[in-house]
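If you read the sequence from its start, that first residue is 1, and numbering goes on from there. Atoms within a ligand are numbered from 1 in the order they appear, just like the ligands themselves.
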Amino acid sequence: MGTIVDLNSLTEQIKVLAVEAAGLVRDKKLGTQSKGPKDFVTQVDLCIDEFLSSRLPSLVPGSLVLSEEGDDDEKRAEYQWIVDPIDGTTNLIYGLPLYAVSIGLVKNGRPLAGAVYNPPSGELFSAYQGGGAFLNNRPIHVNTDAKLAETLVLAETDPYLERKKNFSPHLINEVFSECIDYRVTGSAALDVCFIACGRGGVFFTQCVKPWDYAGGSIILLEAGGTITQWDKSPLPFEGKHGILATNGLLHAEMLKKIEAYLKEFGS
Ligand code: 2AM
Ligand code: CA
């Protein structure tokens with residue numbers, strides 16, 4: 001028989017762990033290192049990673065942790081924690097208050113529960129399957145913007161991609177000519193949560209990895225939104241790919257735009 005999990009109490013526990021993890025490193029020296037072109041990690045990321053990797057598995061028997069800062073050869077399990085100790089590390093380094101501790105629980109490749117915590121604001125987003133989505137324990141919903149021309153768009157710029165293969169700035173430009181305006185927060189996890197609570201109607205980016213959206217995806221779905229890859233296929237929770245997160249109403253219009261854009265410029 002499979003493991004039976006009480007998602008309500010589990011989500012309360014991961015909310016506590018996300019806040020506790022952020023508290024552990026409040027006065028820690030950053031100790032910034034480079035992981036690759038325009039891609040950084042700090043001692044804060046590593047310290048939170050160590051804490052969450054040691055605490056999460058005991059919450060669900062047999063579960064394993066996949067973390068941005070963990071081992072590459074992490075094994076897969078029925079219940080998988082997908083963790084970004086700090087999403088928005090470049091913001092943390094520059095003192096911009098847009099970064100988050102993100103914890104997602106996925107069962108056989110489907111999102112079950114998540115918590116995303118932004119320490120500077122104290123905003124804690126959370127959800128579990130079937131339980132609704134919350135910001136600091138108050139219910140949240142996507143907005144009702146029904147046209148691209150009538151919404152605010154969030155996007156990331158994918159600076160670590162090779163310039164010639166990076167379509168994001170061009171697509172942003174294309175969308176910008178139509179929407180009210182766009183914003184780049186620097187944290188994909190927060191972008192997804194911001195769509196969940198109506199702070200924009202659309203979020204897209206060309207290249208993310210599972211830890212960037214695992215926590216936020218269930219929060220957006222429970223808030224009434226839609227999240228897929230750029231070709232409309234479901235999120236794989238592995239590899240790297242584009243994502244489109246919307247209030248649901250704008251998904252088809254954006255998919256069409258992405259498809260047309262890639263046909264013209266994308267190869
Ligand atoms: P990070 O801060 O955890 O690295 C900013 O453009 C967004 O993209 C952030 O969510 C950031 O997450 C993520 N990001 C940064 N480097 C990345 C990479 N090499 N591949 C995929 N996503 C990345
Ligand atoms: Ca990270």
| field | Any side-chain heavy-atom pair of Ser126 and Phe134 under 4.5 Å | value | yes
Could you tell me, for ligand 1, which of its N or O atoms are under 3.5 Å from any protein N or O, listing the pairs and their distances rounded to 0.1 Å?
from	atom 1	to	atom 2	distance (Å)
ligand 1	2 (O)	Gly88	N	2.6
ligand 1	2 (O)	Thr89	N	2.9
ligand 1	3 (O)	Glu68	OE1	3.0
ligand 1	3 (O)	Asp84	OD2	3.0
ligand 1	3 (O)	Ile86	O	3.2
ligand 1	3 (O)	Asp87	OD1	3.4
ligand 1	8 (O)	Tyr160	OH	3.3
ligand 1	10 (O)	Asp87	OD1	2.9
ligand 1	10 (O)	Asp87	OD2	3.1
ligand 1	10 (O)	Ala188	N	2.9
ligand 1	12 (O)	Asp87	OD1	3.1
ligand 1	14 (N)	Tyr160	OH	3.4
ligand 1	16 (N)	Asp39	OD1	3.3
ligand 1	19 (N)	Asp39	OD2	3.1
ligand 1	22 (N)	Tyr160	OH	3.0
ligand 1	22 (N)	Asp212	OD2	3.3

| message | Any donor-acceptor pair under 3.5 Å linking the side-chain atoms of Thr185 with those of Glu156? | response | yes
| query | Taking C-beta and beyond as the side chain, do Leu135 and Glu123 meet within less than 4.5 Å on heavy atoms? | reply | yes
| query | Does the shortest distance from the Ca ion (ligand 2) to an N/O/S atom of Val41 fall below 3.0 Å? | reply | no
Please tabulate, for the side chains in residues 53-60, all donor-acceptor contacts under 3.5 angstrom to protein atoms that are two or more places apart in sequence or on a different chain.
from	atom 1	to	atom 2	distance (Å)
Ser53	OG	Asp49	O	2.8
Ser53	OG	Asp49	OD1	3.2
Ser54	OG	Glu50	O	3.4
Ser54	OG	Phe51	O	2.9
Ser58	OG	Arg55	O	2.9

| field | Contact flag Asp212/the Ca ion (ligand 2), N/O/S atoms, threshold under 3.0 Å | value | no
| message | Can you tell me which residue among Ile14, Val65, Ile103 is in a side-chain contact (heavy atoms from CB on, under 4.5 Å) with Leu52? | response | Ile103
| Plane angle bin for Phe176 and Tyr182 - parallel if under 30°, tilted between 30 and 60°, otherwise perpendicular | perpendicular
| message | Checking one value in my table: which N/O/S atom of Asp84 lies closest to the Ca ion (ligand 2)? | response | OD1
| task | To the nearest 0.5 angstrom, please state how far the CD1 atom of Ile195 sits from the CZ atom of Phe204. | result | 10.5 Å
| message | How about OH on Tyr160, more than 12 heavy atoms from neighbouring residues, nucleotides or ligands closer than 6.0 Å, or not? | response | yes
| Taking the N/O/S atoms of Glu68 one by one, which is nearest to the Ca ion (ligand 2)? | OE1
